[in-house]
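The figures that follow rest on heavy atoms only: side chains count, while hydrogens, waters and symmetry mates do not.
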Amino acid sequence: MIINFTGSILTSLVLFLSIPAYLHLVGEVRYGVLTLLWLLLTYLGALDLGIGRAATNRIAGLGNNMSERTQTVFWTAFTICLASGLAGSILLYFTAQALLDHFLATTPVTLRQELVHSLPWIILAPPITTVSSLFVGALQGKGAFMAMNVGQLTTMILYQLTPLVIAFSGYTSLDYLVPGMVGSRMAGALVLFLLCRLKIPLGSSPSFDRAEISPLLRYGGWISITNLAGPLLTVFDRFVIAAQTGAVSVTTYTVPFNLVNSLALLPASLQTVLLPRFAALREEEAQQLNAQASVVVMTLMTPMITALFFLIHPILIFWVGQGLADRSTPVAHVLLMGVWLNAIAFIPFSFLQGRGRPDIPAKFHLLELFPYVVILWLLIHKFSIIGAAIAWSLRVFVDTLLLFAVTRQLQLFIKLSLISFAMFGAFSAGRLFTHDVFWYSVSGIFTVSASILVSLTVLFRQFGPHVFQRDTILFFFKQLLSKGNHE
């Protein structure tokens, strides 16, 4: 888990340092358009039909003693991902212009012309994205977390910094930035493939087995629904913001979203290790691990979220300047509540997928999709980007509630969420009625201290009076680290 967490920290650090440079070099409007393109290329990963995650589950279940079968699974999955990616390119070829006209109707004409010139590069992206998701899934299933993080970090650095270097060289038009994005994604995919050859390892000649297609597609089918609906539920808000209020508002919304969402690094890193373990453990052991991990994430995230609630405005001022910080801070405060909920949902989500029930999260996403889109559209129309933050946080609350209910941890979730939301409410009231810096600081320190006390109380009740001894929570992490990393 330390390897995954370190990789996530480095990824967030690159993002944190690059955003101010992008805003300075290309401006808020063009950066808003770039953000939409990054989201689009990320969303295209859903075209892998869930095969990347299916490969994780299948390879983890095979273990280390069936290298020949593992290679067959890999190459069969690769063929499916490549075919689905090419189909995505064909689909994008016929729909790209209509998407531009709809979601970027309020964008300046010059930027839209730049995007039109960049379309051939965007159309090349789907196969690169789909096979990349397979490479990551194969490394994860093999337990090669160091290699996986090296590959992902290399891809992300290239993906984030290549357009920035191009812009720094004076070429700020999307005609140049988009080829840089797609080319860097291609280079990252090559790095991931070479790591797969080393760690799986792959034989000299690819092997394909039709018998593997059915189990991969059966498991991946539900994952693909999650991969299609999940990003819509996560990133569709920015496309609606662009359509209703323009690209500048996308930047105002995305900057705080990226900052507060960085708090999910811990549960995301834990999820990466837990998924293959949930697939390999017996049912009773998996249930116990699920409960322990959920409590640990809950109790660690609550003080972190509360502290950022207090510090978000000065951090944003330091990061992107006073003007954008003043516009973004109210959005960040609303998003923080949703980010806390989303962070703790990682564990039951991973548990269900690891135990061969990817259909349950997928069904939840389908259930949420239409109401969310309607509420999102109405709230953005009424309250602009604050409405988007409210809609996203409400949707995450419903999703987390359902995940904890189906994994039989609803009572714990309700208790801790009520206490946490009470603290967020108290701090919000203090923010509204306390304009003096001294009393604002006092209310913040008091609220953070109270959240730490609540977390310690929950840990005490879950793990007993010797919570910080080897045989409790710290030993839980040591067990997880020692068994989760096979490299």
Side-chain angles (χ1 to χ4, degrees), residues 39 42-43 45-46 50 53 221-240 253 257-258 260-268 270-272 274-275 278 290-291 293-295 297-298 300-302 305 331 334-380 387-421 424:
L39 293 174
T42 300
Y43 184 69
R53 187 54 61 90
W222 289 109
I223 298 293
S224 65
I225 293 175
T226 297
N227 288 345
L228 287 167
L232 277 179
L233 295 169
T234 303
V235 305
F236 187 66
D237 47 7
R238 270 140 283 187
F239 290 96
V240 179
Y253 182 84
F257 188 93
N258 286 341
V260 301
N261 208 44
S262 64
L263 289 178
L265 295 179
L266 176 64
L270 190 59
Q271 179 197 39
T272 302
L274 286 173
L275 179 64
F278 282 140
N290 178 40
S294 297
V295 169
V297 170
M298 277 183 168
L300 289 177
M301 291 302 299
T302 299
I305 293 286
V331 178
V334 177
L335 287 173
L336 274 169
M337 300 181 192
V339 167
W340 179 82
L341 291 163
N342 192 49
I344 62 176
F346 274 90
I347 306 305
F349 180 85
S350 179
F351 171 80
L352 290 169
Q353 289 195 342
R355 299 309 297 170
R357 294 304 308 269
D359 59 305
I360 295 178
K363 290 172 183 176
F364 289 163
H365 286 159
L366 290 176
L367 182 68
E368 298 158 15
L369 186 57
F370 180 73
Y372 171 66
V373 170
V374 173
I375 293 170
L376 175 68
W377 192 275
L378 293 175
L379 288 180
I380 291 177
I390 294 171
W392 186 79
S393 296
L394 285 174
R395 199 279 305 170
V396 168
F397 173 77
V398 172
D399 189 63
T400 307
L401 189 68
L402 291 172
L403 287 171
F404 272 82
V406 79
T407 53
R408 294 175 290 181
Q409 298 184 70
L410 184 58
Q411 185 177 4
L412 176 63
F413 168 71
I414 291 175
K415 285 181 180 179
L416 193 59
S417 61
L418 287 176
I419 296 171
S420 299
F421 284 136
F424 293 148

* Which value, rounded to the nearest 0.5 Å, describes the distance between Ser294 atom OG and Phe351 atom CZ? -> 9.5 Å

* Asked: Just by distance, do the side chain of Ser393 and the backbone of Met337 share a donor-acceptor pair under 3.5 Å?
  -> no

* **Interatomic distance, Tyr253 atom OH to Asn258 atom CG [nearest 0.5 angstrom]** => 10.5 Å

* Do you know the tightest heavy-atom contact between Thr400 and Ala345? -> OG1-CB, 3.6 Å

* Which pairs count as salt bridge (Lys or Arg N to Asp or Glu O under 4.0 Å) when at least one residue sits in residues 335-358, sequence neighbours excluded? -> Glu283-Arg355, Arg357-Asp359

* **Distance, nearest 0.5 Å, that separates CD1 of Ile390 from CG of Leu379** => 6.0 Å

* Structure fact -> CD1 of Ile380 to CD1 of Ile375, rounded to nearest 0.5 Å, is 12.0 Å

* Asked: Does the side chain to side chain contact (heavy atoms under 4.5 Å, CB included) test come out yes or no for Asp399 and His365, once each step is laid out?
  -> CA-CA 8 Å; Asp399 189 63; His365 286 159; 3.6 Å; yes

* Intermediate values then yes/no, side chain to side chain contact (heavy atoms under 4.5 Å, CB included), Arg395 and Leu376 -> CA-CA 10 Å; Arg395 199 279 305 170; Leu376 175 68; over 6 Å; no

* Val297 and Phe346: side chain to side chain contact (heavy atoms under 4.5 Å, CB included), yes or no, with the steps? -> CA-CA 9 Å; Val297 170; Phe346 274 90; over 6 Å; no

* Given Trp392, which of Tyr372, Phe397, Phe257 fulfils the ring-ring contact (aromatic ring centres under 6.0 Å, His included) condition? -> Phe257

* Spatial distance of atom CE (Met301) from atom CG (Asn342) [nearest 0.5 Å] -> 9.5 Å

* **Identified side chain to side chain contact (heavy atoms under 4.5 Å, CB included) counterpart of Ile305 within the set Leu300, Leu263, Leu341, Val260** => Leu263

* Side-chain touch Leu410/Leu401, heavy atoms, less than 4.5 angstrom -> yes

* Asked: Given the rule in the side chain to side chain contact (heavy atoms under 4.5 Å, CB included) test, do Ile347 and Asn290 qualify, once you have shown the distances and angles that lead to the verdict?
  -> CA-CA 7 Å; Ile347 306 305; Asn290 178 40; 3.3 Å; yes

* Asked: Side chains of Val406 and Leu402: closer than 4.5 Å at any heavy-atom pair?
  -> no

